[in-house]
Amino acid sequence: MGEAYALSRHLGYDTAWLIDLLADTTAGPNLLRARGPAVAKALAGEEPPPAFSVETLLKDLKTMIGEAERLGQALPLAERALDVYEEASRSGFAGRDASTLAAFRSSRGSRTPS
């Protein structure tokens, strides 16, 4: 979500409208339909009240990866997500609502095309 916003914010669309658009696509996750307003607020610089913290998300993700390891399975996407969420936690997002992760991700440095 943060990456999608980073790619489109220069267009100047209202964040709530953009979230609605993405939620209504065939790839729109059900979670976005439920938490979209909080994500839009976070992308607009507002602070949604914590309902599911980044810290809790980290705990759950670590449990999932640990269980996969116990079963001899690899979860490369979950492991990469863990790296990003740990970076967000170290940057002060641990107690914030997980919907702010999109704003965190979109605020990270941009790459210059080579």
Side-chain angles (χ1 to χ4, degrees):
M1 181 56 38
E3 293 168 344
Y5 178 67
L7 288 172
S8 61
R9 77 171 135 210
H10 72 282
L11 299 172
Y13 291 117
D14 175 69
T15 56
W17 178 86
L18 182 62
I19 295 300
D20 283 344
L21 173 73
L22 294 171
D24 286 338
T25 65
T26 57
N30 287 331
L31 181 62
L32 187 54
R33 287 183 181 94
R35 298 287 294 145
V39 173
K41 284 182 179 182
L43 289 172
E46 298 176 38
E47 187 68 32
F52 189 75
S53 72
V54 171
E55 185 175 44
T56 301
L57 182 63
L58 274 171
K59 177 191 68 70
D60 291 352
L61 195 51
K62 287 177 183 177
T63 299
M64 185 173 68
I65 291 169
E67 181 64 10
E69 288 173 354
R70 186 184 74 74
L71 296 170
Q73 299 294 317
L75 300 177
L77 294 177
E79 291 168 4
R80 179 62 186 121
L82 179 64
D83 292 342
V84 172
Y85 299 161
E86 285 178 333
E87 179 187 358
S89 181
R90 287 189 302 272
S91 298
F93 280 70
R96 295 173 71 181
D97 189 74
S99 65
T100 63
L101 286 168
F104 168 76
R105 193 66 241 152
S106 72
S107 72
R108 306 317 292 166
S110 61
R111 294 183 182 167
T112 305
S114 43

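All residue numbers refer to positions in the sequence shown, counting from 1.
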Chemist: If you take all heavy atoms of Ser53 and Ala94, which pair is closest and at what distance?
Modeler: CB-O, 3.7 Å
Chemist: Apply the test side chain to side chain contact (heavy atoms under 4.5 Å, CB included) to residues Leu57 and Leu101: give CA-CA distance (whole Å), side-chain angles for both, the deciding distance (0.1 Å), then the verdict.
Modeler: CA-CA 11 Å; Leu57 182 63; Leu101 286 168; 3.5 Å; yes
Chemist: Pick out which of Leu75, Leu58, Leu77 makes a side chain to side chain contact (heavy atoms under 4.5 Å, CB included) with Leu82.
Modeler: Leu58
Chemist: Please confirm whether the backbone N or O of Lys59 pairs with a side-chain atom of Thr63, one donor and one acceptor, at under 3.5 Å?
Modeler: yes
Chemist: Using the rule that Ile, Leu, Val, Met, Phe, Trp and Tyr join whenever any side-chain heavy atoms are under 4.5 Å apart, tell me whether Leu21 and Leu11 fall into a single cluster.
Modeler: yes
Chemist: I want to check something: taking the side chain as every heavy atom from C-beta on, are Arg80 and Asp83 in contact at a cut-off of under 4.5 Å?
Modeler: yes
Chemist: Does the pair Arg90/Glu87 count as a salt bridge with the N-to-O cut at 4.0 Å?
Modeler: no
Chemist: Using only atom types and a distance under 3.5 Å, with no angle test, would you say the side chain of Thr15 pairs donor to acceptor with the backbone of Ala40?
Modeler: yes
Chemist: State whether the number of non-hydrogen atoms from other residues, nucleotides or ligands found under 6.0 Å of Glu86 atom CD is greater than 12.
Modeler: yes
Chemist: Is there a donor-acceptor pair under 3.5 Å between the side chain of Asp97 and the backbone N or O of Phe52?
Modeler: yes
